[in-house]
Amino acid sequence: MGKSSKKKSSRRRSPSSSSSSDDGLTQLELEKMKLLEEKIRAKKNLKECETLEEKRNRRLQKKINKEKRRQERLGWGSSVSGYTNDDNPFGDERLVETFVWKKKMDKEGNSHLTEVEQKKLIQNRQAINSKDLEKVKEARMAREYERQIREADRAREAALGDNDIDAQRFKQWSEQEEEFHLQQARLRSKIRIKDGRANPIDLLARYLEVLQGKEEVPETELHEPYIYTNGLETEQLEDLIVDIEVYRKVDKSEVAQTFWDNVTTVANDLVKSQKASRSHRSEINPSVKADILKIFKGKSVAKLDELKEKVTLKIEQGQKTGADINYWEALIKELAGYRAKVSLQEQHKQFMKRVDAAQIEHEAEKAKKKAEKMEPVVFKEPKFTAPKYSRKEEKPKEDIKEAGIIIEQRSLEEIEAEKKRIQMEKHCQEMYEDKCYTPPLIDFVPDTEEIIKASIEILSLEEKRELIRKNPAKIKAAAKTTNTSALEDKFLQTAKQDMDQDEAEFSVEAQLENTVYKWADKYKPRKPKFFNRVHTGFEWNKYNQMHYDFDNPPPKIVQGYKFNIFYPDLIDKSVSPDYDLLKLEEDPEFCVLRVKSGPPYEDIAFKIVNREWDFGNKKGFRCQFMNGMFQLWFYYKRYRYRR
């Protein structure tokens, strides 16, 4: 069809050679068209003159060439390409055709497809397999290249001395170890931030990664870095300085080093001031310190550096003349910490400007794309009646001038609380201006059952109040008894949870010597309640396998214990109960497990089997104190016979 259309178009254009300039065709294009027509005409004449056998051979050769191109596209090697159904060393009369595995098609549920669709599916699979084969070849070549590199490294190491090789390897290992520690520290920081228990070093490390562009800007507000050090105690600040050294060793970029230098300076300044306030031996008088901070107030980093140069010059001149330079030395000491805070503040302002500019640009692009997608729609102006209340007209925002340098003295918790309070006030103000706190009118049909239920609750509450007025001591005792019984029921329910047929209740106590507690005059000692479980089972060792079977099993042995001891009224719940193991000299196969706690509970002991415990968490070991219940679960180790 395309060839005939070309012929017709060429026939229409060939007589109009005089109007070639009108059609915009050049002489070269006309010659190309003539050559194409002659080629098509010659090919047509050749087809008309050929015999049936020549026509059959021509079509067969065309089919062979097409199959050859397909094989090359699938990546078949020279072992198959180039062969035909008649000429191949395999004796296959259908070598060129696509093989269809009919049983596999039936199993895969593709038997309903036509023969052409099945062949196309197989060809697609062959194409995927050829790509996988190429990947395998590339991987093999990569391994070969790595092998050559390793051989070159071995040859180079053989040429070098042993000391040089050891030094090079040690340097490489130390670098890898530092990188590993940094990655682990970053991972721990992210986990703590995600769980809401972040330390100051976690927030500072995240701030630095955001500053360097390694991490996206978080949804939470980023504060100035020195704010994370406000409100910390001396021990926390010292731990922060130690953690900073870990990050400083690994990340040696200029931005990171400057950032950590400033944070370390701020932390050291706070440590010195806290230690001086504790010892009441401040190097600088408070009034003098206030005057010095007034000098620093509102100055940028550049102005503070100029001030430092002037003060240093005065100190040098004073040393020569013998003048009093104590004031200027105190000023230099205070200047270091203040300058670090101002440097962090300026860096934070520049970073937030970049973030705001990028956010505005992103919103503008988003609005532009949305406007391009939307079609223009004409709306009629609606007629409406103005409401009775009037909202305040918002004044246009004026250009905000850049504020001066103000050092924040509040801690991070105080800043977050102040922010929440301001947001709440703003929300209330908006609600007041919008609706004046007037609730909307809704259609409501009251439910009679709810009204009756509420009335019954009110009557029962009045009866209880009357009983309390008549006999308050009895009511309080009953309430306390009810509360205690509810706690005990909950304790028993938790202790009996997942109890199987191989476990039994274990309530045999061991006698302890009489102990006088220091707190006995203040609290009445009492025994804690408990629910213990002993786990028993069969041990199928070589002897038991020879003399017993499942119908006639061996005697059960103790495989572990689960102690659940209830301490609901423990005075100091921050200190969890502890346990000790006491050996029995008269019976070495057993020992005494003694559990100790604080007031008002006495120590309690149990006689158990003396064998080695398995402390693995996966083996069921548990030692925890939670919700007033001490749990000690353990199993004994099982020793397997090995030759």
Output yes when a side-chain donor or acceptor of [X] lies under 3.5 Å from a complementary backbone atom of [Y], and no otherwise.
| X | Y | answer |
| --- | --- | --- |
| Thr265 | Asp261 | yes |
| Gln345 | Glu224 | no |
| Asp202 | Asn199 | yes |
| Lys299 | Ile295 | yes |
| Asp569 | Pro600 | no |
| Asn564 | Asn532 | no |
| Gln274 | Leu232 | yes |

Do Thr264 and Arg248 meet the criterion of a side-chain donor-acceptor pair at a distance under 3.5 Å?
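Looking only at side-chain atoms, Arg248 and Thr264 do form a donor-acceptor pair, the distance falling under 3.5 Å.
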Taking everything shown except [X] itself, do over 12 heavy atoms lie less than 6.0 Å from its [atom1]?
| X | atom1 | answer |
| --- | --- | --- |
| Phe615 | CZ | yes |
| Glu245 | CD | yes |
| Glu329 | CD | yes |
| Lys596 | NZ | no |

So [Y] and [X], do their side chains get closer than 4.5 Å, heavy atoms only?
| X | Y | answer |
| --- | --- | --- |
| Ile193 | Arg188 | no |
| Leu335 | Val311 | no |
| Gln212 | Ser253 | yes |
| Asp243 | Leu204 | no |
| Arg533 | Phe531 | yes |
| Leu512 | Glu602 | no |
| Phe625 | Val575 | no |

Heavy-atom closest contact ([X] atom, [Y] atom, distance):
| X | Y | value |
| --- | --- | --- |
| Tyr635 | Lys562 | OH-CE, 3.3 Å |
| Ile241 | Ala267 | CG1-CB, 3.8 Å |
| Pro225 | Phe259 | CG-CE1, 3.6 Å |
| Lys314 | Trp328 | NZ-CH2, 3.6 Å |
| Cys591 | Leu581 | SG-CD2, 4.2 Å |
| Ser343 | Asn262 | OG-ND2, 3.3 Å |

Rounded at 0.5 Å granularity, tell me how far [atom1] in [X] sits from [atom2] in [Y].
| X | Y | atom1 | atom2 | answer |
| --- | --- | --- | --- | --- |
| Leu307 | Leu331 | CG | CG | 6.0 Å |
| Lys637 | Trp613 | NZ | CH2 | 13.0 Å |
| Ile571 | Tyr523 | CD1 | OH | 4.5 Å |
| Lys573 | Ser597 | NZ | OG | 12.5 Å |
| Asp195 | Lys190 | CG | NZ | 14.0 Å |
| Ile149 | Arg154 | CD1 | CZ | 12.0 Å |

From CA spacing to verdict: side-chain contact (heavy atoms from CB on, under 4.5 Å), Tyr207, Leu344:
CA-CA 11 Å; Tyr207 182 92; Leu344 292 171; over 6 Å; no
Stepwise salt bridge (Lys or Arg N to Asp or Glu O under 4.0 Å) check, Lys341 with Asp269
CA-CA 11 Å; Lys341 290 183 180 181; Asp269 189 49; 5.4 Å; no
The single option from Asp578, Asp580, Asp603 passing salt bridge (charged side-chain N to carboxylate O under 4.0 Å, His left out) against Arg594
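With Arg594 as partner, Asp578, Asp580, Asp603 yield a single salt bridge (charged side-chain N to carboxylate O under 4.0 Å, His left out), made by Asp603.
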Can you tell whether the side chains of [X] and [Y] come within less than 4.0 Å, N to carboxylate O?
| X | Y | answer |
| --- | --- | --- |
| Glu238 | Lys275 | yes |
| Glu425 | Arg421 | yes |
| Glu151 | Arg147 | yes |

Go through Ile565 and Tyr601 one step at a time and tell me if the side-chain contact (heavy atoms from CB on, under 4.5 Å) criterion holds.
CA-CA 11 Å; Ile565 307 173; Tyr601 293 102; over 6 Å; no
Just say parallel, tilted or perpendicular for the rings of Phe563 and Tyr561, cut-offs at 30° and 60°.
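It falls in the parallel class, under 30°.
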Decide yes or no on side-chain contact (heavy atoms from CB on, under 4.5 Å) for Gln148 and Asp153, but give the supporting numbers first.
CA-CA 9 Å; Gln148 293 176 1; Asp153 292 339; over 6 Å; no
Given the rule in the ring pair (Phe, Tyr, Trp, His ring centres under 6.0 Å) test, do Trp633 and Phe621 qualify, once you have shown the distances and angles that lead to the verdict?
CA-CA 5 Å; Trp633 296 4; Phe621 180 78; over 10 Å; no
Does the pair Phe634 and Cys623 meet the rule for a side-chain contact (heavy atoms from CB on, under 4.5 Å), with working shown?
CA-CA 9 Å; Phe634 61 89; Cys623 181; over 6 Å; no
Partner of Phe530 under ring pair (Phe, Tyr, Trp, His ring centres under 6.0 Å), chosen from Phe630, Tyr567, Phe566, Phe606:
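Considering Phe630, Tyr567, Phe566, Phe606, a ring pair (Phe, Tyr, Trp, His ring centres under 6.0 Å) with Phe530 is found only for Phe606.
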